[in-house]
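Note that the coordinates shown come from a computational prediction; the quantities given were computed from them, not determined experimentally. Below, read A as the first sequence line, B as the second, and so on, with proteins coming before strands; counting in each chain starts at 1.
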Protein chains: 2
Amino acid sequence: MRLSTKAQYAVRAMVRLNLEQKDSPVSIREISTHENISLTYLEQLFAKLRRGKLVRSVRGPGGGYILARPAADIKVDQIIDSVEETLIPVSCMDEFGNCACSDQCVTHTVWQELGERIRGFLSSVSIEDLTNDARARIHRQREEQRKTE
Amino acid sequence: MRLSTKAQYAVRAMVRLNLEQKDSPVSIREISTHENISLTYLEQLFAKLRRGKLVRSVRGPGGGYILARPAADIKVDQIIDSVEETLIPVSCMDEFGNCACSDQCVTHTVWQELGERIRGFLSSVSIEDLTNDARARIHRQREEQRKTE
DNA sequence: GCATTCCTGAGCATTACTGTCAACTATTAA
DNA sequence: TTAATAGTTGACAGTAATGCTCAGGAATGC
């Protein structure tokens with residue numbers, strides 16, 4: 001029951017993009033350095049994020065990526081959808097809860113409800129939330145570092 | 001974000017065990033037929049369920065497995081734990097929410113909370129619940145079949 | 001003792017994941 | 001126009017996990 005690193009990377013990259021984004025686009029290289037993710041792999045992920053209309057690309061010198069919408073309007077479940085990771089916990093079921101099993105699954109209900117809870121939670125969390133959270137954590141760590149010095 | 005079939009099989013097998021269990025033990029063969037799961041594979045799963053103290057085994061002719069506790073006291077998360085599937089969505093985090101990442105994960109919070117929600121939900125669902133649910137579904141299907149005849 | 005059932009460990013094919021590589025296209029500064 | 005920057009695409013390969021089989025062994029009831 002693990003999220004693929006692809007999905008994790010995508011969320012981290014989006015948060016980082018929002019952290020670094022001021023007025024100008026943020027290059028993939030910058031995100032790669034900060035998050036320690038392979039540059040070529042990030043290219044793949046951002047292609048998908050662009051197709052999912054979560055980011056826009058700016059080409060040419062000084063180019064990079066920018067969020068396509070305000071960070072508060074981008075939810076974690078949308079990011080995961082964009083990189084084509086499913087949030088449905090079993091493979092015999094589609095997104096509407098229909099089950100492909102020939103005879104009735106005796107366990108249908110749990111998985112359906114579980115999927116709904118997972119999506120429900122992830123659709124309630126925005127990039128903005130996570131960015132604020134990250135800022136607070138970075139701040140706290142600096143404070144503690146100062147104390148020990 | 002898929003549950004392994006191992007975990008799904010284990011839950012289905014437990015529900016089936018409760019469905020078929022009257023006074024005498026239920027053999028793996030019986031469960032295999034009903035749930036259409038390979039017999040030898042089920043043997044592996046039941047070995048783990050036994051180690052997890054969710055079932056007890058009775059050897060010899062007429063033997064099989066019985067639930068180690070009342071069905072209402074066996075929760076789905078315990079079954080999944082027994083077959084060694086994790087409910088933590090990311091690999092850098094342990095069950096207490098401690099993160100192994102060298103620099104701080106900017107996305108730590110979501111995954112931790114998501115994991116807690118998943119476990120919270122699955123620990124609220126018992127084998128008894130699922131069995132009742134399965135009985136109701138079987139009943140409903142029979143009714144509909146009668147109508148179309 | 002013999003059939004039935006559980007028990008155990010080794011092994012193996014397939015798939016999915018993670019990432020690299022190489023070539024290409026688009027945009028812009030100079 | 002040309003060089004530089006940056007994104008775009010598709011093929012592919014190594015690794016790890018998954019899902020499952022097989023071959024035997026051990027306990028038990030009749």
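Of the possible donor and acceptor atoms, none in the side chain of B/E20 sits under 3.5 Å from a partner among the backbone N and O of B/E30.
A close approach under 4.0 Å does not occur between any side-chain nitrogen or oxygen of A/Y41 and OP1 or OP2 of C/dC17. In this model, the phosphate group of C/dT18 is approached by a side-chain N or O of A/T5 to a distance below 4.0 Å at OP1 or OP2. Proximity of A/R50 to the phosphate of D/dG7: no side-chain N or O atom is located under 4.0 Å from OP1 or OP2. Taking only side-chain nitrogens and oxygens, A/Y65 comes nearer than 4.0 Å to OP1 or OP2 of D/dT8. The phosphate of D/dT21 has OP1 or OP2 within less than 4.0 Å of a side-chain N or O from B/S38. Considering only side-chain N and O atoms, B/S57 lies under 4.0 angstrom from the phosphate OP1 or OP2 of C/dC7. Applying the 4.0 Å criterion to OP1 and OP2 of C/dC17, one finds that B/R2 has every side-chain N and O outside that range.
Between atom CG of residue A/L49 and atom CG of residue A/D81 there is a gap of 11.5 Å, rounded to the nearest 0.5 Å.
Around atom CZ of A/R69, more than 12 heavy atoms belonging to other residues, nucleotides or ligands sit under 6.0 Å away.
Distance CD1 (B/I80) to C1' (D/dT18): 16 Å, rounded to an integer number of Å. Look at CZ on A/R12: it is 12 Å from P on C/dT18, rounded to the nearest Å. B/R29 places its CZ atom 9 Å from the P atom of C/dT4, with the value rounded to the nearest Å. Protein atom NZ of A/K48 is 12 Å distant from nucleotide atom C1' of D/dT9, rounded to whole Å. Separating the CG atom of B/L45 from the P atom of D/dC20 is a distance of 10 Å, rounded to the nearest angstrom. The distance from atom CZ of A/R59 to atom P of C/dT27 is 6 Å, rounded to the nearest whole Å. As rounded to whole Å, 13 Å separates atom P of C/dC17 from atom CE of B/M1. One atom, CG of A/L42, and another, P of D/dT8, lie 13 Å apart when rounded to the nearest Å.
Note on A/F46: nothing from the nucleic acid sits closer than 4.0 angstrom, heavy atoms only. As judged by a 4.0 angstrom heavy-atom cut-off over every strand, B/T40 is placed among the base-contacting residues. Using a 4.0 Å heavy-atom criterion, one finds that A/R51 contacts the sugar-phosphate atoms exclusively.
Nearest-nucleotide assignment on DNA chain C puts the 5′-proximal partner with B/I28, out of B/I28 and B/Q44.
The closest side-chain heavy-atom distance from A/Y65 to A/L42 is not below 4.5 Å. Within the 4.5 Å cutoff, the side chain of B/R2 has heavy atoms near those of the A/T86 side chain.
For B/E43 against C/dC7, a side-chain N or O and a base N or O form a donor-acceptor pair under 3.5 Å.
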